[in-house]
Amino acid sequence: MTQTWRRAGAAACWLWLAAVCIFLALKFSGQPPVDSDILALLPHGDADQVESAAVDLAGRAAAGRTAILITAPDGPTASAAADDLTRELSKDGLFVSDTQEAAVTSRWFFENRNQLLCQRDPATFTAEDARRIQRRALADIYSVTGAVTGDLLKQDPFLLTIRLAECLPPTGAAAPKANQRLVSGRISASAYQLDAEDEVVAAFDLWKSEWAPKGVTAARAGAVFHAHAAAEKAKGEVTLIGSLGAAGVILIFFLAFRTARAVVSGILLVGIGVASGLAATLLVFPTVHVLVFVFAAMLVGIVSDYAVHTLATGPATDWADTDTRLKLILRPITTSMATTVLGFSALALFGVALFQQVAILAGVGVFTAWAFVLFVLVPLDKRPANADFLSGWWRKLETLRDGLKIPSPVVWGASVLLLAVSIYGATQIRFLDDVRQFQPRPADLMVEEEIVKAAGYGGSGVAFLLSEGADAEQAREREEAAIAQAPADLRVLATTRFDPSKKRRVENQSVLQRLLYEPLLADQTSQTGVDPAINPASLPPPADVPRPSWLTELSGKAGGKTFLVAPVLNAGAWSGPKVEGVRLVDPTERYGSAFRTYRQHAITALAVALVCAGLVAMLIYRRIAAISILVPPLLAVIVALLAAPALGEPLTFFSFAAALVLVGTGLDYSAFQWEGGLKHESWTSVAVAITAITTLLSLGLLALSDMLPVRSFGLTVSIGIAAALCLSHIPRLAAMKGTKP
Amino acid sequence: MKRVLIVLAGALALALPASAACVAPEQLAALTGSHDFVQTRTLKGVSRPLVSSGQVTPQSDGVLWTVTHPIEIVTHVTPTGITQSIEGGPEQPVGPSGSNNPFISETGLIELLKGDLSKLDQRYDVTRGVRARPEGWTLQLKPKGAALAPYISGIAVEGCKRVESITVEQANGDTIRIDLKDGAA
């Protein structure tokens with residue numbers, strides 16, 4: 001590498017770093033581009049566009065539903081507390097209470113009353129139904145509890161508006177006790193947006209601090225509270241794992257190199273790698289998932305490896321010139337970088353946004369660290385004043401490592417143990433693809449949710465009917481046909497019950513005209529004193545009626561089609577309608593199925609990654625023995641995937657994703673050991689041991705996470721790293737064979 | 001609480017000269033037995049008042065409100081909800097149940113219909129006045145809670161030895177007046 005190239009490379013590195021710093025400063029100056037949406041964990045790759053969009057839409061609608069059941073010493077206190085809570089939550093427009101939306105919904109019922117029916121099929125509307133409507137209207141007018149007004153009665157003499165409000169919402173009526181009030185509504189932003197979560201929880205906490213002393217308690221239900229708790233947990237884990245990992249790396253660096261400069265170089269390289277990866281991720285994605293920061297801990301391990309290898313060439317060569325030192329690391333570190341980036345790139349192929357973010361973060365982070373090592377770190381790492389002392393210390397480490405001869409019985413014993421663990425693990429293999437079990441839900445929130453449900457809060461359905469069509473009209477007609485086939489007791493929030501197709505509107509209006517208005521209007525107006533000249537049935541709904549926002553949120557467009565989503569609250573054993581273009585979708589089942597498929601695909605991806613790495617190794621080293629570079633990562637992957645079940649942990653998609661990372665890092669050790677073997681050098685053995693320890697310190701801690709995806713990932717990687725380190729002498733021995741020292 | 005005490009003290013002072021033969025509202029015994037009522041709903045834009053009549057019967061768990069004219073309606077109002085039977089038909093729930101129904105939870109409807117005025121100040125700002133003819137007292141109630149404000153602007157209660165009439169003024173200008181007789185015919 002010429003000096004000109006080195007200077008150009010260094011300039012490019014500094015320019016990139018400056019751009020990264022400016023970009024991140026701008027990105028983080030406002031609302032943090034971080035979210036904690038569990039949907040980001042879910043794969044969308046194999047589902048069709050309509051279904052993916054529908055799952056997303058239905059998920060967000062369900063996640064936004066929020067309810068708080070207030071219990072007070074008496075009814076009036078409960079009312080006052082409920083009013084105050086609604087006010088607090090709605091202050092910045094983030095929370096829209098059902099009461100607030102009820103006005104728009106009521107207006108919608110009123111304006112559309114002559115084209116809507118409680119019956120799912122207008123053909124089932126009978127003359128007796130019409131008479132029942134009339135009697136109910138008279139009862140509302142003459143009973144003490146009827147909520148009728150003159151304005152309403154003039155335009156809606158049969159009070160259809162009230163009947164529709166009673167029969168169409170499928171959620172059922174909540175039934176809190178006399179000293180309870182239910183505050184329910186929806187979050188207008190994503191319930192998984194950190195600032196939205198913080199705002200809702202802060203408003204709730206403020207309210208609680210004011211009302212708790214008055215004997216008021218509250219039970220919460222809604223994804224926003226779970227998401228907040230999960231985000232808090234993830235933040236705690238990021239802080240703990242990041243801090244412990246960083247502290248471990250600092251300690252190991254200092255013990256190995258005995259200089260503060262080495263520690264600072266290592267930290268800066270890690271920082272530059274993480275910052276670059278984060279900036280690149282934010283260039284592609286508008287936000288990053290909070291779990292990405294947990295996974296970013298692995299970057300600390302990998303990038304610190306490069307720092308160790310590079311800094312080790314200083315004392316190992318007594319700080320020879322830049323060219324000499326670069327020759328020692330250029331090929332292995334480039335091989336390692338290429339294979340690692342390859343391994344991470346395979347993650348991006350899963351169609352999971354979270355892993356695409358991790359792939360970009362790690363890929364760009366590792367590449368940037370590689371570039372800084374070659375163009376900046378080596379040229380800047382000049383011979384220190386106490387070089388003799390440091391070289392002497394390094395030689396001691398090499399002697400120590402060389403003298404570390406593991407007795408043959410121990411090697412055989414360990415091998416037998418690993419084999420036994422692997423065989424036992426193979427008999428205990430258990431796969432887990434159910435997303436509901438991926439993240440532990442806080443017990444207190446689960447209890448509170450049950451309390452809210454016990455008060456009759458219907459919540460929101462997870463499964464939904466998906467009706468798609470070439471246009472909105474076709475989608476509506478298909479949904480209507482599907483609803484007609486559904487069991488009578490099915491509770492479904494279907495768009496067409498509130499906003500039917502044009503054809504259904506005409507049918508509804510016609511049947512109301514024929515069976516209600518024509519035979520009964522004169523009698524009704526004479527009994528109530530309403531001007532008989534008015535024939536409200538002839539009035540079409542005005543075109544500019546504001547549509548309730550919750551209704552608008554049940555439809556979307558994707559792949560050139562229009563689709564409707566109808567949350568089903570009690571799907572039970574119903575398998576869905578037999579109507580073209582309509583299907584019952586259970587997102588959790590589909591996510592589980594998708595994770596299962598991806599897990600199976602991951603095995604192929606592992607094979608592809610190993611084959612690619614083998615080809616890279618053959619291309620660079622041009623020796624058949626170089627294939628031995630694949631042995632440590634391959635065996636490490638097998639041991640890691642079988643040891644986890646032996647420890648009682650299920651295998652998840654994340655275990656296999658971790659195995660892909662393992663291939664990358666395992667190849668890193670193998671490449672350096674192979675290089676060391678070729679040249680009969682000891683420094684690589686020391687460096688590999690140090691890097692493995694630092695990686696274990698950062699990645700091993702992920703295995704302690706409460707979140708199954710992270711724990712699954714951490715456990716596989718840490719077991720695999722330990723195995724890869726132990727087995728990395730295989731390529732070293734293979735390289736030494738046939739070469740002279 | 002301070003404001004309630006001041007209002008009650010003022011009300012008591014006002015009541016003294018006019019109520020030699022009347023019972024102070026907060027000391028009224030709750031209604032017992034059946035009482036005839038006439039309900040007059042005056043709705044904006046509707047040419048004539050809508051008048052119904054029947055009997056109100058206080059019960060341990062609520063109130064039985066029976067309309068006999070012009071249509072037979074039996075309404076059972078309890079803290080857990082409202083059920084209604086029309087012209088001998090099956091009893092069916094009406095409106096939201098329990099405290100989710102502001103008509104029950106926010107108005108104190110059951111207490112009002114039973115003639116129990118002792119807890120009014122929990123829900124309303126109470127202003128007490130004197131009724132000259134016939135001799136008696138009046139109570140003007142303004143809802144305290146935000147939940148009722150869009151629907152009810154005020155309630156007027158009149159009486160002497162018992163509650164004699166309740167007039168609900170709705171926010172849109174409609175009114176419902178209930179005249180309670182002393183006993184059933």
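Naming convention: chains lettered A, B, ... in sequence-line order (proteins, then strands); numbering from 1 in each chain.
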Inset, instruction - Answer with side chain, backbone, both or neither: which region of A:Asp151 has an atom nearer than 4.5 Å to a non-hydrogen atom of chain B? - result: both
Inset, instruction - Rounded to the nearest 0.5 Å, what's the gap from OG1 on A:Thr528 to CZ on B:Arg48? Could you check? - result: 7.0 Å
Legend entry - Portion of A:Arg87 that has a non-hydrogen atom of chain B nearer than 4.5 angstrom: neither
Legend entry - Spatial distance of atom CG (B:Leu50) from atom CG (A:Leu153) [nearest 0.5 Å]: 7.0 Å
Legend entry - Region of A:Ala80 that comes under 4.5 Å of a non-hydrogen atom in chain B: neither
Inset, instruction - Calculate, to the nearest 0.5 Å, the distance between atoms NZ and OG belonging to B:Lys144 and A:Ser79 respectively. - result: 11.5 Å
Inset, instruction - Identify the two heavy atoms, one from A:Tyr142 and one from B:Ser52, that lie closest to each other, and give their separation to 0.1 Å. - result: O-OG, 3.1 Å
Inset, instruction - Please say whether more than 12 non-hydrogen atoms of neighbouring residues, nucleotides or ligands are located less than 6.0 Å from NZ in A:Lys214. - result: yes
Between side-chain atoms of residues 81-90 of chain B and protein atoms elsewhere (two or more places apart, or another chain), which donor-acceptor pairs fall under 3.5 Å?
{"residue": "B:Thr83", "atom": "OG1", "partner": "B:Glu91", "partner atom": "OE2", "Å": "2.7"}
{"residue": "B:Gln84", "atom": "NE2", "partner": "A:Ser143", "partner atom": "OG", "Å": "3.4"}
{"residue": "B:Gln84", "atom": "NE2", "partner": "B:Thr75", "partner atom": "OG1", "Å": "3.1"}
{"residue": "B:Ser85", "atom": "OG", "partner": "B:Gly89", "partner atom": "O", "Å": "2.6"}

Inset, instruction - Under 4.5 Å heavy-atom distance to chain A, tell me which part of B:Ile71 shows up: side chain, backbone, both or neither. - result: side chain
Legend entry - Interface moiety of B:Gln170 toward chain A, non-hydrogen atoms closer than 4.5 Å: side chain
Inset, instruction - Would you list the pairs meeting salt bridge (charged side-chain N to carboxylate O under 4.0 Å, His left out) in which at least one residue belongs to residues 90-104 of chain A, sequence neighbours left out? - result: A:Arg65-A:Asp98, A:Glu88-A:Lys91, A:Glu101-A:Arg186
Legend entry - Interatomic distance, B:Arg41 atom CZ to A:Asp140 atom CG [nearest 0.5 angstrom]: 8.0 Å
Legend entry - B:Leu43 side chain near A:Lys154 side chain, heavy-atom distance below 4.5 Å: no
Legend entry - Closest-packed option against chain A by number of heavy-atom pairs under 4.5 Å, given B:Gln39, B:Glu72, B:Gln122, B:Gln92: B:Gln39
Legend entry - Segment of B:Val168 engaging chain A (4.5 angstrom heavy-atom cut-off): neither
Legend entry - Choice from A:Ile162, A:Thr77, A:Leu138, A:Thr149 maximising heavy atom contacts with chain B below 4.5 Å: A:Thr149
